[in-house]
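Scroll down for the structure; my scribbles are underneath it.
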Amino acid sequence: MSDPVIALLPLFRESLSLAFGDEFAETDPMLRTSKHADFQANCALSLAKTLKRPPREVASALLDRLPHADIIERAEISGPGFINVWLTREYLAKALSEASADLGLTPTETPETVVVDYSSPNVAKELHVGNLRSTIIGDALCRVLEAVGHKVLRQNHLGDWGTPFGMLIENLLEGDVEAGEQSIKNLNAFYQAARKKFDSDSAFAERARNRVVMLQRGDVETLELWKKLVLASTRYFNTIYDLLGVTLRDEHLAGESLYNPWLPQVVEELTARNLAVESDGAICIFPPGFLGREQQPLPLIIRKQDGGYGYATTDLAAVRYRTQSLHATRILYVVGASQEQHLSMVFAAAKVAGWLVEPARAEHVSFGAILGSDKKMFRTRAGETIRLLDLLNEAVSRAQSIVTEKNPNLPPEVQHSIAHAVGIGALKYADLSNDRGKDYVFDWDRMLSFDGNTAPYLQYAHARIRSIFRKGEAEIPSADSVRIVAPEEKALALTLLAYPTVVRDVADSLDPHKLCGYLYELATAFSTFYECCPVLKAPSQSERDSRLVLCDFTARVLEKGLMLLGIESPEKM
RNA sequence: GCGCCCGUAGCUCAGCUGGAUAGAGCAUCGGCCUUCGAAGCCGGUGGUCGCAGGUUCGAAUCCUGCCGGGCGCGCCA
């Protein structure tokens, strides 16, 4: 870990225990970046309360006992009792040099097995904007968790089971099966046709209901048809995943059908242990603390009146599978905010059942909706839901026209690959750079802009750096040639060294927008440096080498950081 | 009706878990291309942090109550 805070921490801990006794050795010195210094320690203010001494006196006591180290250039008390700290340029150069190989990101000492449940589209349905956030956020989190050293198990909880499959299979049988395979290609139309027949044709609806029963029983012919539906869908999903550049593969498919064989025993076990009870003909579990409309306990229905199982049972079986078979200690559900109550009830029930016990825990990685400029649900002008494929194609074609305008002399195939990286990157970044808990407003012009906190701006910063090396035909000098002199070099160095802390913070908080904010800060710090500090035309060879190392380090952090978000970094654009 | 989430510049968003004068981008006004990519950089204008109380050295941040918006609340998943 290259973050200077890590180096500063033991010095302040020692000072704390020297000044106020060993019981304060674990006190958090509250080291933060500062606009008044390189770092500031805020602990004197809060300590003043417990010690009942004036804050500046506390700060002074700490400052007096701060061990001398070659890290600190100077430290002083400021304002009501902040301790401002400036680092030596020698230390920053050394820290950068040591961090160069792995960008300062060393693997965690406490690796875990983390299940990430994300994307989870429905079979026989078109992927639409509603699936976008789960897919993008989930994929970024997987990459970040792996980067800090966790074992990540991606689980694509496909909607591949349940009552809709009765009508879908019957619809498949309406024509001959081969023709059916053709029509599956237009999934929305196929689904809607089935739906329409189900609603208007009572004989068809009856056959559909029977078909569900046959499917549940494992009728061979029915299962064959079901498999056709699933295969056609997953093939289609894969083409979109490839286009989007997400890491989901067939091996990560773990749909609802996977848990089907275990549903009866889940219910039996819960019933046998008196955790679930019969209510209005259904079998329910009433997790403590959940109340409904009339203050009555809220049920989680694990077996319906008709004997069928709903998604609560599947979700419970999935928790059990993930902790007991996959040995996950952390389970992440990248699912929309509307599922909040359902998921907390499932988690509560799983805890009562003993399937979710420490150190294992489940977290709902909630996210808000994508809104149009009218602040309502993002839809086409005609009011229809937007196909994800259309959205992706539009992103690429919009980027394409910008690239051809800005850089017309590049070969067409290079232009296209840049357009893909920029378009898809812009789309993903627009999503990831917003606080995932909130709704956000979708805006093509803003996300594709080269100004502001956007993917194209970061990609541009990266491409500019790469072009320095091309133009200067420069090799990357040895990392220990860094010398920090100019204030812009120092600001850049401090930002670079913060990278590992930011990535770890994201692995913990599951907030990718913090990584976005950091990369934007880095790109602006680089731009400022680049304006002020000539690289290829540096006054001396040693300055040129030092600045080339800073350039290369920055380019690698940008590239790696974007990669963790699932975004490409073209060499030219 | 109850529960959860949200309300920050004209617009779109940050705000490091209670710290210094609340920050960016867009828009607007003004500077910078005979030197490494101007797809860029530097500066100005612009805020009663929804409202009202409370907690304390200190609140956009924590607590309470309102106002406004979204979502959820028994057999779809």
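Owing to the predicted nature of the structure, the values given are computational and were not obtained by experimental measurement. Throughout, a chain's letter reflects where its sequence line sits, starting with A, and its residues are numbered from 1.
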Check this one for me: any side-chain N or O of A:S366 less than 4.0 Å away from OP1 or OP2 of B:C5?
no
A:E206 versus A:R209: any side-chain heavy-atom pair under 4.5 Å?
yes
At 4.0 Å (heavy atoms only), tell me whether A:D160 reaches a base, stays on the sugar-phosphate, or touches nothing.
nothing
Taking atom C1' in both B:A14 and B:G74, compute the distance separating them and give it to the nearest angstrom.
41 Å
Starting from the C-alpha separation in whole Å, work towards a yes-or-no answer on side-chain contact (heavy atoms from CB on, under 4.5 Å) for A:H36 and A:S78.
CA-CA 9 Å; A:H36 304 281; A:S78 173; 5.7 Å; no
With B for base contact, S for sugar-phosphate-only contact and - for none (protein heavy atoms under 4.0 Å), nucleotides 70-77 of chain B reads -SSBBBSB
Say we look at B:C5 and B:G68: how far apart would their C1' atoms be, to the nearest angstrom?
14 Å
Using atom CG of A:L522 as one end and atom C1' of B:C16 as the other, report the distance to the nearest whole Å.
17 Å
Quick one: list whatever passes side chain to side chain donor-acceptor pair (under 3.5 Å) with A:S46, sequence neighbours left out.
none
Give me, pair by pair, the N or O atoms of the protein and of nucleotides 58-61 of chain B that are less than 3.5 Å apart, along with how far apart they are.
{"residue": "B:G58", "atom": "O6", "partner": "A:K49", "partner atom": "NZ", "Å": "3.3"}

Output for pair (A:Q339 CD, A:Y333 OH), nearest 0.5 Å, gives 12.0 Å
Think A:K514 has a side-chain N or O under 4.0 angstrom from the OP1 or OP2 of B:A14?
no
Whole-Å C1' distance, B:A38 and B:U34
15 Å
Sorted by chain and number, sequence neighbours left out, side chain to side chain donor-acceptor pair (under 3.5 Å) with A:H462 holds for A:R466
At less than 4.0 Å, is any side-chain N or O atom of A:R56 found next to OP1 or OP2 of B:C57? Yes or no.
no
Side chain to side chain donor-acceptor pair (under 3.5 Å): pairs with one or both residues in residues 296-307 of chain A, sequence neighbours excluded
none
Would you kindly give the CH2-to-P distance between A:W444 and B:U12, to the nearest whole Å?
19 Å
Just checking A:P534: base, sugar-phosphate only, or nothing, at a heavy-atom cut-off of under 4.0 Å?
base
Listed partners of A:P487 passing side-chain contact (heavy atoms from CB on, under 4.5 Å), at least two apart:
none
Roughly how many Å apart are B:C26 and B:C67, using the P atom of each and rounding to a whole number?
39 Å
With rounding to whole Å, what would you report as the distance between B:C4 and B:G54 at their P atoms?
25 Å
Show me the pairs that pass side chain to side chain donor-acceptor pair (under 3.5 Å) and involve residues 422-435 of chain A, at least two apart or across chains.
A:R133-A:D431, A:Y429-A:N453, A:D431-A:Y440
Proximity to the side chain of A:N407 - top-ranked nucleotide from B:C36, B:G37, B:U12:
B:G37
For RNA chain B, which residues of residues 450-468 of chain A approach it to below 4.0 angstrom with any heavy atom?
A:F450, A:D451, A:G452, A:Y457, A:Y460, A:A463, A:R464, A:S467
Between A:D505 and A:Y520, whichever has its closest RNA chain B nucleotide further toward 5' is A:D505
Kindly write out the residues that satisfy side-chain contact (heavy atoms from CB on, under 4.5 Å) with A:A75, not counting sequence neighbours, or none if the list is empty.
A:L63, A:L66, A:I72, A:V85
Base, sugar-phosphate or nothing for A:K438? Non-hydrogen atoms, less than 4.0 Å.
sugar-phosphate
Looking at residues at least two apart in the chain, or sitting in another chain, which of them share a side-chain contact (heavy atoms from CB on, under 4.5 Å) with A:S344?
A:F290, A:E340
Return the 5'-most residue of the pair A:A37, A:C533 with respect to RNA chain B, ranking by each residue's nearest nucleotide.
A:A37
Rounded distance (Å) that lies between atom C1' of B:A24 and atom CG of A:D435:
16 Å
Just call it for A:C551: base, sugar-phosphate, or nothing, with non-hydrogen atoms closer than 4.0 Å on any strand.
nothing
A:K572 NZ to B:G37 P, in whole Å, measures 12 Å
Determine whether the aromatic ring centres of residues A:F367 and A:Y118 are separated by less than 6.0 angstrom.
no
Can you tell me how far P in B:A20 sits from the matching atom in B:C11, rounded to whole Å?
26 Å
In this structure, CD of A:Q400 is separated from CD of A:Q415 (nearest 0.5 Å) by 6.0 Å
B:G15 and B:C6: how far apart are their P atoms, nearest whole angstrom?
12 Å
Could you pull out all residues at least two apart from A:D451 that satisfy side-chain contact (heavy atoms from CB on, under 4.5 Å)?
A:S449
Using a 3.5 Å limit for the pairing distances, which stems of at least 3 consecutive Watson-Crick or G-U wobble pairs does RNA chain B take part in?
B:1-5 with B:69-73, B:10-13 with B:23-26, B:28-32 with B:40-44, B:50-54 with B:62-66
Quote, to the nearest angstrom, the P distance that separates B:C73 from B:A27.
42 Å
Between C1' on B:A24 and CG on A:N434, what's the gap in Å once rounded to a whole number?
13 Å
Let me know the distance between CD of A:Q40 and C1' of B:U21, rounded to the nearest Å.
13 Å
A:Y530 OH to B:C41 P, in whole Å, measures 12 Å
Within the 4.0 Å heavy-atom criterion, would you say A:V441 contacts the bases, only the backbone, or no part of the nucleic acid?
sugar-phosphate
Protein-nucleotide distance (A:L448, atom CG; B:C26, atom P), rounded to Å:
15 Å
